[in-house]
Amino acid sequence: MSVGDSSWKILEMESLNTRFSAWTPFSNKSLNRQLFQERVALISHWFDLWTHKQRQEFLFTILLRCTKSQLRFVQDWFSERTQVARVDFSTVLPRFISLHIFSFLNPKDLCAAAQVSWPWKFLTEQDCLWMPKCIKFGWFLPYTPTDNEYGAWKRHYIACVSNLDWLTPREAAALYGTLNEPKAEDEELQERQREKCLRKIIWEKIALHKKELFKVRPPWVTGTCCSRLLKSKYQPHLSQTVRDRVGLHEALEKQLVLASKEALPKQSNVSGSYPYPLLSKKKTWHGVSQNDDSSSYASQLHVIIISSRIPAYEMVVDSLKAGVISVVCEHGGMTLESLLYLIGKALQGRKAQSIGILSDGDSREINLLQGYKIGIKNLLRPEVRDFWEKLGSLVATKEEGGHVDLFVPLGASEAGIEVLSQLSQLTGTFFTAPTGIATGSYQHILSDWLGPQQAGPPPSIYFNEAKLQMWSNLTDFLEDALKSVRRELRPLFKELQKGISGRMIGQFMFDSMSMTSILNNQDIAQALADGLMELSKENSDRPLEFLACFLLKKCSKDEGNVILTKCDLKETLDLFTKERNIIEDNSQDTESSLNKSDLDFEVLLKLERKLQRDSADKRTSAARELLQSERKYVQMLEIVRDVYVRPLRAALASNRAILSAANIQIIFSDILQILNLNRQFLDNLRDRLQEWSSAHCVGEIFIKFGGQLNTYTNFFNNYPVVLKTIEKCREMTPAFRAFLKRHDKSTVTKMLSLPELLLFPSRRFDEYVNLLYALRLHTAAEHVDRGDLTTAIGQIKKYKGYVDQMKENIRMKEQLSDIQRIIWGCPTLFEIKRYLIRVQDVVQLHCCDEEISFSLRLYEQIRDLSFFLFNDALLVSSRGISHTPFERTSKTTYQFIASVALHRLLIEDIPDSKYVKNAFILQGPKCEWICATEVEDDKFLWLSVLQNAIKSSMDK
C-alpha cells in the first residue's frame, strides 16, 4: 500500500469520529447535518404514530434531560406565541359571583385565601360566608353586628374553635377508641383477596364442623338435630390475628356476626342445662310439670309480675299478700324470652291459678318492656304471640278458674277490649282488665273489672287493699321520696335479688310513714262515725253506754266472736232484735218474689235492664268524670295565679319588687295562657253538661280545644328555661327565696311547690286520651258524636306523642350524662336516638392454654368488668371498689376500656365444665374478652338481651 492511500484512510477515519453517538460524524459538518435531519424526521414520524399517553411520557422524558437554559428557552418560546392572561377574577366578575365561588371553601382555605391580596381578604371575611359555618355548629353571636362592623362572624368562629378541646382522629382513636371503627383501605384487588381468604376460612370451618358432627352423631339421630346440641361446642372461632389479617368486608362480617348469634345455645341449653332446672325435660313447652295433683294446689298459687317502670314499685312489692309470688322485672334490659324464664323459674314446674301483670300502659296498649308496647297492631308478631301462648300454658285452664289479670285499663276503650279478646282466643285463657277511667295516678286498678270474679276482684287476690289504695293515691309523691331512699339503701342491698331488696325498701317506707298507725286510726275513726250516726237515729238517754255497746258489737262482727260485757243488755238486745226483724222481713219478701216468678226469667230481666242502663249511664259517668277532672285541673292552675302571680305583680306595682317584670313574664306567661284556654274549655263543658242527655255531644268542644294547642307548645318549649329561671332567681334574689319558702308546700298549694305545680299540664294529656276513649266506647256507632270523638282522639293523641317524646329525650340525655360522669375517660356518648339497655357486671378471664378442648381449659380471673349495652354500641369498662376510712359502705369506680359497634360484635358460648361456669366470649374488631357471670340467670338474661340488641342494630 502506498503512502497516499494510507494517509487518505487516516483522514477518513478521523472524519468519521463521533460524539455521543456511534452514527453522528464529528468532523464532517455537512454529513452531520444530514444525519440529524433524517433522524429528526424519523422521530417526528414515530411521534405522530404514538398515543396521547406515549407522547406525554416522551415529552416528560425530554424535559427531564434539559438544562435550565434549555427550559428557559422553552418558556420564552411559549410566552412569545401564547399570551397567558394574568387577571384576578374577583376584580372582573360581579361580587355575588365571587362570593358564591368562595362559599365552597372550608374555613381553613378561606383563611389562606385571605392572605392572597386585599380584595380577596375583603371578600373572604364577609359575614355571609362565615355565618352559615357558625350556625352549623350552633354558635350564635351574642349580639347583633352594626352595619359598619366587619368580620364579626369570622372572629366569633375563630374564638369558638380556639376554646374547643379537640383531638385528631388518630389521637382520639388511640386514647379512647371509637364507637364506629373505620374501615381498612378498600382497594379492589385487596378486597377480592380478603373475600377469597374469608370464604376459604369459613368453608374450612364448615367442613370441619360437618366432619365432627358425623363422628359424634348417634345412628338414630339426624345431623340437623344433633347440630343444634353441639353448635356451641364446635362453633367456628375466628381468631383475632386472622381477623386482623383478613380485614373483614362489611357484608361478610355482617354474615359472620349473624352466624355467631345464631350459633349461641337457645333457651333450652344455655350453659349446658335447661333454663328451668326443676321442670320436666319434655320436648314441648307445656313441659311445665304436668303432674296429676297440679290442680289440687294450683288454686293456692298466684303470681304477680311487677314492672320496675311503675312509680314506687317497692311499695307495691311490700303490699303483696302472704303466699303471692312476685316477679320484679326490669323495664329496660330484658326481652320477652328472659321474662318467661323468670316466670318459669318462679313457678318451679307448677301451674298458677292466676297471673297478674302490673306494668305501665294505657287504655290501648301495654308497655310491658322497653321496645315492647303490645297493642292491637303488633299482637300477632311472632315473638309477641309466642310469649302470650307460653304464658297462657303456665296458667290453669278456664274450666279450672284460671285467669290472667292485666292491671292496665284496657277495659276502658274499644282497642283495649279487642286486645283482651284476641289474647283470650290466642291462648284459650281468660284475660281481664279494669274498666275504670284512669284520671288519677293508678286508681283505675281499684275500679270495676271485666268479666266475673269468682274469687273477688283481682286486687284483693294479690294485694293488701289498704296499702294498695294508699300507693295509688300518693304514687307521684312516693316516687320522689324513694329516689333518695334508693340512693342510700341500694349499695347495701346490691347482692340481693331485686324482689327481696324492693320488699325491704317498701317495708322501710311503710314503717317510716307509720302506715300501721294510720290504717288503725282510719278504722277507729270509721267505727266512731258509724256509732255516732246510729246514736243520732236512736236519741238514747245514755249515749256513752249505747256507743260502747255498738262498738263492742262491731268488734264482735269483725272478729267473728261474740263478746259479753256489763253494758245494758236491753239496748243491745233491742239492736239485735231490730236487725233480726229486718233480716226476716227481707227474707220473706225474697221468698214471696221468687214464688211469684221463675228464677231464670228474673235473671234475664235484670240483665236486660242493666244493658239498657249501661248504654246511657256509662257515657254520662264518663262525661261527668271529664268535667270533674277538668275542674280540678283548672283549680290547680288557679293556685299558680292566686298564690304566686298576683302577689309578685302587686309587689312590683308597689315599688317593692320581689322579681323583675321580665322574670315574671318568663316564668308565668305561658302557664297563664294555658289557664285562660282551659277555663274557656271548662265553661264550654259545664254549659254542655248542665242539660245533659244521651243525645248531646262533646266531641266538637274537644276539636275546638285541639285547634288551640299551640299555647301548650309554647309552654313545653320554654319549660326548661322556666325551671332554670326559677332556680337562678332563687339563688340570686333573697326576697324571692323567702317568698317561695312562705308559699311552697303549704295547705293553699296542696302541699306542692311551684315546680311541682308546673308539672300538671304535661300529665293532663294522658287523662284526656283515656277519657275520650271511654266516651267513644260507650257511644253508639250511629251517634252523631262518634265521628267528632274519633277526630278529637287523633288530635290529642298526636300531641300526647309529642309530649312523650320530649320527656323521653330529656330522660335519655340525663341517663347518658350520668353514665359519662361515672366512667373515667369515657368518650362522648351523646348521639341521636341512643339509649341505655342494660348494665351487666362480669369478671374477665384468661385462658392458660387455648390448644386443648373446652372441657379441659383452665382460666384465671384478670379483673372485674362492667358492660354498658346501648342500642347501637357496647361500652366496656373496668370496675373497681374504693373504700372510705371509718365507713362500712364502698364506692364503685369505672374506667373506660373500649367501645364496639354492635354490628361488629361476635358472641361465642363456652360450655360449662368443672373448671369454669357461666362463661362466654365477646369478640370485637380489635379486642376479645372472655367473661363469666356470677350466676347462671345473669348469663342467660345478658346473652338474650345482647342477641336482641344486635339483631335490632343490624335490621336498621
Side-chain angles (χ1 to χ4, degrees), residues 302-311 313 316 319-320 324-329 331 334 336 339-340 342-343 352-369 372-381 384-396 398 401-438 440-463 468 471-472 766 769-770 773-774 777:
H302 302 282
V303 180
I304 181 72
I305 304 167
I306 302 174
S307 172
S308 63
R309 190 178 177 87
I310 295 295
Y313 73 92
V316 180
S319 303
L320 295 174
V324 176
I325 300 175
S326 64
V327 177
V328 179
C329 64
H331 180 262
M334 287 194 69
L336 296 176
L339 179 58
L340 277 174
L342 295 178
I343 299 172
Q353 179 68 18
S354 66
I355 294 180
I357 299 178
L358 179 55
S359 67
D360 192 19
D362 49 33
S363 57
R364 284 96 48 214
E365 57 188 10
I366 311 167
N367 191 4
L368 187 57
L369 296 173
Y372 291 98
K373 287 188 176 182
I374 300 173
I376 195 66
K377 294 181 179 179
N378 61 354
L379 188 59
L380 298 180
R381 282 171 50 187
V384 177
R385 178 173 182 170
D386 186 59
F387 168 78
W388 290 111
E389 288 178 348
K390 293 176 180 178
L391 183 68
S393 66
L394 302 177
V395 188
K398 189 183 297 185
H403 53 91
V404 177
D405 306 314
L406 304 177
F407 288 77
V408 180
L410 296 177
S413 70
E414 295 173 334
I417 293 177
E418 181 65 22
V419 170
L420 294 174
S421 175
Q422 288 202 13
L423 286 175
S424 298
Q425 295 177 5
L426 189 64
T427 62
T429 307
F430 178 66
F431 280 77
T432 182
T435 61
I437 304 171
S441 53
Y442 280 86
Q443 297 187 17
H444 58 269
I445 294 175
L446 303 174
S447 64
D448 296 333
W449 285 63
L450 290 174
Q453 287 94 36
Q454 299 177 357
S460 63
I461 298 176
Y462 306 96
F463 300 103
L468 185 66
W471 168 81
S472 64
D766 292 336
V769 173
N770 291 325
Y773 271 108
L777 175 65

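Values reported hereafter were calculated over all heavy atoms of this structure, with side chains retained and with hydrogens, waters and symmetry mates removed. Because the structure is a prediction, the values reported are computed rather than measured.
In this structure, CG on Leu379 lies 8.0 Å from CH2 on Trp388, to the nearest 0.5 angstrom. Atom OG in Ser319 sits 8.5 Å away from atom CD1 in Ile306 (nearest 0.5 Å). Atoms CG and CG, from Leu358 and Leu320 in turn, are 9.5 Å apart once rounded to the nearest 0.5 Å. To the nearest 0.5 Å, the span separating CD1 on Ile305 from CD1 on Ile343 amounts to 3.0 Å. Taking CG of Leu420 as the reference point, atom CD1 of Ile376 lies at 9.5 Å (rounded to 0.5 Å).
In Lys398, the NZ atom is crowded: over 12 heavy atoms of neighbouring residues, nucleotides or ligands sit closer than 6.0 Å.
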Audit row: Val419, Phe431, side-chain contact (heavy atoms from CB on, under 4.5 Å) steps and yes/no: CA-CA 10 Å; Val419 170; Phe431 280 77; over 6 Å; no
side-chain contact (heavy atoms from CB on, under 4.5 Å), that's the test. Do Tyr372 and Phe387 meet it? Break it down for me. CA-CA 11 Å; Tyr372 291 98; Phe387 168 78; over 6 Å; no
Trace of the side-chain contact (heavy atoms from CB on, under 4.5 Å) decision for Arg364 with Val769: CA-CA 10 Å; Arg364 284 96 48 214; Val769 173; 3.2 Å; yes
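Put simply, the side chain of Leu380 reaches to within 4.5 Å of the side chain of Gln422, judged on heavy atoms. Between Val408 and Ser359 there is a side-chain heavy-atom pair separated by less than 4.5 Å. At least one side-chain heavy atom of Leu423 sits under 4.5 Å from a side-chain heavy atom of Leu406. Asp360 places none of its side-chain heavy atoms less than 4.5 Å from the side chain of Ser307. Put simply, the side chain of Leu339 reaches to within 4.5 Å of the side chain of Leu368, judged on heavy atoms. For the pair Trp449/Asp405, a side-chain contact is recorded, criterion being any heavy-atom separation below 4.5 Å from C-beta on. For the pair Leu426/Glu389, a side-chain contact is recorded, criterion being any heavy-atom separation below 4.5 Å from C-beta on. Using a 4.5 Å cut-off on side-chain heavy atoms (C-beta onward), Phe463 and Val316 make contact.
Taking both residues in full, the closest heavy atoms of Gly401 and Gln353 are given as O-NE2, 2.9 Å, listed atom of the first, atom of the second, then distance. The shortest heavy-atom contact between Met334 and Leu369 is O-CD1, 3.9 Å. Across every non-hydrogen atom of Leu777 and Gly411, the tightest pair is CD2-O, 3.5 Å. Between Leu340 and Leu391, the shortest heavy-atom distance links the atoms CD2-N, 4.1 Å. The two residues His403 and Thr429 make their nearest non-hydrogen contact at CA-CG2, 4.3 Å. Here the closest non-hydrogen pair linking Tyr462 and Ser354 is OH-OG, 2.9 Å.
Ser421 places no side-chain N or O within 3.5 Å of a backbone atom of Ile417 that could act as its donor or acceptor partner. When atom types are taken as modelled, the side chain of Thr432 and the backbone of Leu450 share a donor-acceptor pair closer than 3.5 angstrom.
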